[in-house]
Every structure is written in C-alpha cells, then in structure tokens.
Amino acid sequence: MRIGYPCMNTGIGCTSARTFRLKSWSEERFLSTVAENLACLSRILAYNAAHRLLFFRVTSDLVPFASHPVNTLDWPEIFTEEFAGIGALVRENRMRISMHPDQFTLINSPDEGVRERSVAELTYHAAVLDAMGLDTTAKVQVHVGGVYGDREAAMARFVERYRTLPDRIRRRLVVENDDRLYTARDCLSLHRACGVPVVFDTLHHECNPSGEDVAGALAACAPTWSHHADGLPMVDYSSQAPDARRGRHTPTLDPAHFAAFLAASRPHDFDLMLEVKDKEQSALRARALATDDPRVKRNL
DNA sequence: CTTAGTCAAGGGGTA
DNA sequence: TACCCCTTGACTAAG
C-alpha cells in the first residue's frame with residue numbers, strides 16, 4: 001500500500017495548477033505557466049519522495065488549455081526534458097501517479113461534440129503520463145458519465161466507446177464509482193462488459209451504495225486490475241464532512257474512521273489516495289497511523 | 001492590498 | 001424553460 005494525496009501540497013509554497021483566463025491566452029503566457037507548473041511538480045514529488053508519500057495525483061491544470069483549439073503548440077516536445085526528469089524521479093523512487101480529468105470528460109455522452117472534446121482531453125492526460133515515460137500502472141480515472149434518461153443505453157455507450165478508444169488512452173483508463181449516478185456495482189458490470197479496471201471510492205460508496213460493505217466492494221474491485229499491467233488497485237478514501245452537504249470531504253483526516261477503514265480493508269492490498277482538504281498533512285498522519293500495517297511497512 | 005465575482009468544457013434536479 | 005447546484009483553486013477586475 002502506497003499512500004498519497006491529490007494535486008497540491010499545502011506546505012512547500014508553489015502550485016502546479018497555475019492557469020489563466022482564455023482571454024489572456026498567449027504563447028508566452030502558456031509557456032511560462034507550464035514551465036512554472038512543471039518546476040513545482042518536481043518540487044512536490046521530491047518532497048513526496050523524501051517523506052515516503054509514494055502516490056500522487058497530478059492536477060489536470062498542469063498544462064492549461066492543453067486540449068483547447070487555441071493551443072497549437074507541441075508542448076510534449078517543447079518540455080521533453082522536464083517531463084522526462086519528472087518521470088525519472090517517479091521511477092527512481094517507485095512512486096505511482098494518477099490523473100483525474102474534470103467532470104466535462106464524458107465518453108458516454110450522446111453528443112458527438114462532447115465526446116470528441118472528451119477524447120481530446122483524455123489524449124492530453126495520456127500524453128502527460130507518456131511524456132514522463134511511465135508504464136501503464138499510471139492511470140487516468142474517470143466517472144461513467146451521465147444517464148441521459150436511459151441508464152442501460154448510457155452504460156452500453158460507455159462500453160462501446162471504451163472499446164474504440166485509441167490504445168494510448170484505453171491502456172490507462174480506469175472507472176470510478178460516483179456519488180449520485182453510478183455505483184460500484186454498476187462499474188463492476190462495465191468491467192465485465194469491456195474489461196475496464198474499477199477504482200473504488202469509499203465516500204461515494206457511502207453516498208451511493210450498492211449493497212456491499214467495504215471489504216466486499218474491495219474484494220470485487222481488486223480482480224478488475226491485472227496485476228502485471230495495471231498494478232495494484234487504486235482506492236480513493238475520504239470521509240463525510242460533519243454538518244456539510246452529503247458528499248463533501250472532511251477537512252482533515254478522521255483517525256478513528258481511518259483506522260476502521262484499514263481494519264475493514266484487510267487483507268486487500270491497494271494504493272490509497274486520501275481525498276482530504278489538508279492534503280499531505282493528512283497523508284503523513286495516515287501513514288504514521290498505518291506504520292504497523294504490513295501493507296504499508298513494505299514501502300517505508 | 002483585499003475581496004468578490006468569475007472561469008473552456010456537462011449534466012441533473014427543481015420550480 | 002429557466003435557473004440552481006456540483007467542486008475548486010486561481011485569476012482578475014474592482015474597490
């Protein structure tokens with residue numbers, strides 16, 4: 001079990017998610033922003049390596065407007081060295097990377113334009129991981145998408161479109177249960193139909209359950225990952241913020257809830273993404289809480 | 001300097 | 001049909 005956190009570090013004083021308004025677009029602005037973002041990502045990963053936080057989600061804002069028509073620059077080529085350096089850092093420290101495109105990425109949309117933009121966005125995400133030289137254990141996770149008034153048809157469209165995605169995308173794509181529309185069980189049925197691995201999200205499963213307890217859901221999702229090509233299963237963990245709208249993440253790690261999760265999840269092994277607002281601070285506390293867990297101990 | 005409104009992109013739910 | 005919500009940090013113009 002590697003423990004990680006998403007997208008940003010609260011302590012080191014830089015962000016890899018700098019962006020700008022489309023109105024402010026210029027090649028100079030783009031190039032300087034990407035350069036800053038990549039430099040910051042390097043710093044974050046160096047911090048993570050030093051603190052043995054070996055799982056990290058790279059922000060989708062790393063390359064602003066990467067899939068937008070306004071951008072005709074060959075950014076993977078321009079930043080070849082920077083991406084390669086980051087990839088080397090990841091590999092040398094046996095770290096793992098994931099990405100999670102925004103809600104606009106909907107491969108099951110009936111709208112041709114939405115689908116095309118989604119494929120372009122997925123191509124961007126795959127291109128980042130490719131430029132880093134990472135193997136197919138580095139994943140791009142998406143939700144199933146909309147229902148469009150007909151769940152069966154919407155799920156069938158996901159399957160059909162997954163099958164025809166370029167291999168560059170498909171080999172990295174994994175699907176996650178969401179908090180309203182598609183449960184873990186729905187995702188498992190997609191896996192049976194097309195082979196897509198399933199990321200289990202604990203909070204979404206609480207909000208939008210499909211009958212299994214945590215252990216049962218993990219047992220069902222784990223075999224959707226081919227150990228060789230896909231690596232360990234990925235699990236997103238968070239708990240419900242008290243007195244907040246359903247689905248809102250807690251601001252910081254709840255130690256008792258986390259301990260209960262660790263106990264319930266045994267003996268399954270997976271890489272764990274802590275979706276908590278204070279980011280690396282909670283990841284560090286989680287790792288400390290779990291140091292006696294043999295799954296974590298192996299990676300210290 | 002601080003702050004409040006806004007940002008490429010979709011879809012679901014309510015009135 | 002019209003409007004609100006999600007989720008979120010960062011940008012940007014206004015004060």
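When reading the values below, keep in mind they use all heavy atoms of this one structure, side chains included, and skip hydrogens, waters and symmetry mates. Sequence lines set the chain letters: A, B, ... in the order given, protein chains first and strands last, and positions in each chain run from 1.
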May I ask you to list the residues of residues 139-165 of chain A, by number, that have any heavy atom positioned under 4.0 Å from an atom of DNA chain C?
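Per residue number, the list is empty: none.
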Heavy atoms within less than 4.0 Å of DNA chain C: which residues of residues 16-47 of chain A have one? Give them sorted by number.
A:Ala17, A:Arg18, A:Thr19, A:Phe20, A:Arg21, A:Ser24, A:Arg29
Tell me the interatomic distance from [X], atom [atom1], to [N], atom [atom2], rounded to whole angstroms.
X: A:Phe65; N: C:dC11; atom1: CZ; atom2: P; answer: 11 Å
X: A:Asp61; N: C:dT7; atom1: CG; atom2: P; answer: 17 Å
X: A:Arg57; N: C:dT8; atom1: CZ; atom2: C1'; answer: 13 Å
X: A:His100; N: C:dG9; atom1: NE2; atom2: C1'; answer: 16 Å
X: A:Asp179; N: C:dC5; atom1: CG; atom2: C1'; answer: 12 Å
X: A:Asp236; N: C:dT7; atom1: CG; atom2: P; answer: 14 Å
X: A:Tyr182; N: B:dG10; atom1: OH; atom2: C1'; answer: 13 Å

Side chains of [X] and [Y] in contact at under 4.5 Å (non-hydrogen atoms):
X: A:Thr105; Y: A:Leu122; result: yes
X: A:Glu280; Y: A:His51; result: no
X: A:Val128; Y: A:Ile97; result: no

Measure distances between side-chain N and O atoms of A:Ser118 and base N and O atoms of B:dA9, and say whether any donor-acceptor pair falls under 3.5 Å.
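Looking at the base of B:dA9, it does not pair with any donor or acceptor on the side chain of A:Ser118 (distance under 3.5 Å).
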Is the closest basic N to carboxylate O distance between A:Asp236 and A:Arg57 below 4.0 Å?
yes
When you check the gap from the basic side-chain N to the acidic O, do A:Arg171 and A:Asp130 get nearer than 4.0 Å?
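A salt bridge links A:Arg171 with A:Asp130.
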Sticking with atom [atom1], work out how far [N] lies from [M], rounded to a whole angstrom.
N: C:dC6; M: B:dG5; atom1: P; answer: 16 Å
N: B:dT6; M: C:dC4; atom1: P; answer: 12 Å
N: C:dG9; M: B:dG11; atom1: C1'; answer: 22 Å
N: C:dT12; M: B:dA8; atom1: P; answer: 10 Å

All N/O pairs under 3.5 Å across the protein-nucleotides 13-15 of chain B interface:
none

Test question: given the 4.5 Å side-chain rule for I, L, V, M, F, W and Y, name all other residues clustered with A:Val174, or answer none.
A:Phe55, A:Val199, A:Trp225, A:Met234, A:Met273
Using links of under 4.5 Å between side-chain heavy atoms of ILVMFWY residues, direct or through other members, which residues join A:Tyr148 in one cluster?
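Via sub-4.5 Å side-chain contacts, A:Tyr148 links to A:Leu106, A:Val114.
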Backbone of A:Ser226 reached by a side-chain donor or acceptor of A:Asp230 within 3.5 Å
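Answer holds: yes.
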Contiguous pairing runs of three or more, Watson-Crick or G-U under 3.5 Å, that involve DNA chain B:
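So the stems come out as B:1-7 with C:9-15, B:10-15 with C:1-6.
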Identify, with sequence neighbours excluded, every residue that meets salt bridge (charged side-chain N to carboxylate O under 4.0 Å, His left out) alongside A:Asp254.
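Salt bridge (charged side-chain N to carboxylate O under 4.0 Å, His left out) list for A:Asp254, sorted by chain: empty.
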Once ring-ring contact (aromatic ring centres under 6.0 Å, His included) is applied, what residue pairs with a partner in residues 113-135 of chain A remain, sequence neighbours excluded?
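Non-adjacent pairs meeting ring-ring contact (aromatic ring centres under 6.0 Å, His included): A:Trp75-A:Tyr124.
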Where at least one partner belongs to residues 162-185 of chain A, residue pairs that pass ring-ring contact (aromatic ring centres under 6.0 Å, His included), sequence neighbours excluded:
none
Hey, do the aromatic rings of A:Phe30 and A:Phe20 have their centres closer than 6.0 Å?
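Aromatic pair excluded; centres sit 6.0 Å or further apart.
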So if I take residues 101-117 of chain A and measure heavy-atom distances to DNA chain B, which residues fall below 4.0 Å?
A:Gln103, A:Phe104, A:Leu106, A:Ser109, A:Val114, A:Arg117
Tell me every residue that passes disulfide bond (SG atoms under 2.5 Å apart) with A:Cys194, counting only those two or more places apart in sequence or in another chain.
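So A:Cys194 forms no disulfide bond (SG atoms under 2.5 Å apart) with any residue.
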Once disulfide bond (SG atoms under 2.5 Å apart) is applied, do any residues pair with A:Cys40, and if so which ones, sequence neighbours excluded?
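Result, disulfide bond (SG atoms under 2.5 Å apart) vs A:Cys40: A:Cys14.
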Should the ring pair A:Tyr237 and A:His257 be called parallel, tilted or perpendicular, given that the plane angle runs from 0 to 90° and is split at 30 and 60?
tilted
Select base, sugar-phosphate, or nothing to describe what A:Thr59 touches, counting heavy atoms under 4.0 Å on all strands.
nothing
No-hydrogen, no-angle side-chain donor-acceptor test under 3.5 Å, A:Ser118 and A:Arg161:
no
Over 12 foreign heavy atoms within 6.0 Å of CZ, A:Arg298
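Correct, the count exceeds 12.
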